[in-house]
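Please read these numbers as outputs of a predicted model, since none were measured by experiment. Residue numbers start at 1 and run along the sequence shown.
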Amino acid sequence: QVQLAESGGGLVQAGGSLRLSCAASGRTDSTYAMGWFRQAPGQEREFVGRINWSGGSTRYADSVKGRFTISRDNAKNTIYLQIDSLKPEDTAIYYCAARRAFVATNDRTLYDYWGQGTQVTVSS
């Protein structure tokens with residue numbers, strides 16, 4: 001079992017930045033690809049970005065490309081989501097997810113573990 005804990009959310013003005021963290025604990029000795037997803041009120045959880053086990057490959061949703069950056073520090077069992085140029089439409093609960101594989105995916109149904117989420121609110 002792996003436990004994931006997100007942090008770093010908050011209230012920020014449009015144009016601002018946040019850095020979200022996702023710390024993994026438990027059985028972290030396996031290979032895990034990671035993803036970030038978000039869910040706004042009344043909407044489905046959507047893919048934001050992903051990173052493979054080595055950190056050598058990342059992919060992003062078109063809506064966040066150029067503004068969001070995912071990185072990971074496997075020595076610290078932590079991944080990060082740097083969010084720049086925030087927009088009100090980025091307001092959502094942000095979740096990290098882990099998949100027992102080397103390669104990550106956009107498909108949320110293929111992730112094995114999820115964190116509880118961290119709220120990001122962007123004011124206009």
Side-chain angles (χ1 to χ4, degrees):
Q1 286 282 352
V2 171
Q3 293 79 44
L4 303 174
E6 303 93 337
S7 61
L11 173 63
V12 64
Q13 288 189 329
S17 297
L18 282 174
R19 189 194 195 202
L20 308 185
S21 298
C22 171
S25 60
R27 290 204 61 181
T28 58
D29 56 341
S30 295
T31 300
Y32 292 101
M34 303 293 293
W36 283 98
F37 294 79
R38 67 185 181 185
Q39 188 167 17
Q43 298 186 21
E44 290 191 353
R45 194 169 299 188
E46 66 174 0
F47 167 74
V48 171
R50 69 184 207 230
I51 187 167
N52 68 2
W53 165 246
S54 68
S57 176
T58 55
R59 294 289 187 273
Y60 301 93
D62 288 342
S63 59
V64 308
K65 204 171 294 184
R67 300 187 298 119
F68 288 23
T69 304
I70 298 175
S71 60
R72 68 188 297 162
D73 184 341
N74 287 345
K76 296 181 179 180
N77 296 318
T78 301
I79 68 166
Y80 306 95
L81 180 66
Q82 177 68 38
I83 310 175
D84 297 318
S85 303
L86 275 157
K87 304 176 181 180
E89 51 263 42
D90 293 321
T91 295
I93 299 174
Y94 283 71
Y95 299 89
C96 65
R99 178 172 187 243
R100 289 190 301 266
F102 184 88
V103 178
T105 174
N106 297 10
D107 186 346
R108 67 179 185 268
T109 67
L110 298 181
Y111 285 85
D112 303 295
Y113 305 102
W114 290 83
Q116 293 299 306
T118 185
Q119 177 71 49
V120 172
T121 303
V122 185
S123 63
S124 57

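Side-chain contact between Ile83 and Val12 is absent, with no heavy-atom pair separated by less than 4.5 Å. Between Thr118 and Ser7, the closest side-chain pair of non-hydrogen atoms is not below 4.5 Å. Put simply, the side chain of Phe47 does not reach to within 4.5 Å of the side chain of Arg108, judged on heavy atoms. Counting only heavy atoms from C-beta outward, the side chains of Arg99 and Arg50 never approach each other to under 4.5 Å. Counting heavy atoms from C-beta on, the side chains of Met34 and Leu4 come closer than 4.5 Å. Residues Tyr60 and Thr69 form a side-chain contact, since some pair of their non-hydrogen atoms from C-beta on lies under 4.5 Å apart.
Among pairs with a residue in residues 70-81, none fulfils salt bridge (charged side-chain N to carboxylate O under 4.0 Å, His left out), at least two apart in sequence or across chains. Under the ring-ring contact (aromatic ring centres under 6.0 Å, His included) criterion, the residue pairs touching residues 103-124 are Phe37-Tyr111, Phe37-Trp114, with sequence neighbours excluded. Sorted by first and then second residue, the side-chain hydrogen bond (donor to acceptor under 3.5 Å, both in side chains) pairs with a member in residues 32-41 read Arg38-Glu46, Arg38-Asp90, Arg38-Tyr94, Gln39-Arg45; sequence neighbours excluded.
A side-chain donor from one of Asp107 and Thr109 sits under 3.5 Å from a side-chain acceptor of the other.
Residues Ile93 and Gln119 come closest through the heavy atom pair CG1-OE1, 3.2 Å.
Looking only at distances, a side-chain donor or acceptor of Glu6 sits under 3.5 Å from a matching main-chain atom of Cys96. Without hydrogens or angle criteria, Gln82 side chain to Arg19 main chain gives no donor-acceptor distance under 3.5 Å. No donor-acceptor pair closer than 3.5 Å links the side chain of Asn74 to the backbone N or O of Asn77. Not one N or O on the side chain of Gln116 forms a donor-acceptor pair closer than 3.5 Å with the backbone of Ala5.
How far OG of Ser17 is from CG of Leu86: 6.5 Å, rounded to the nearest 0.5 Å.
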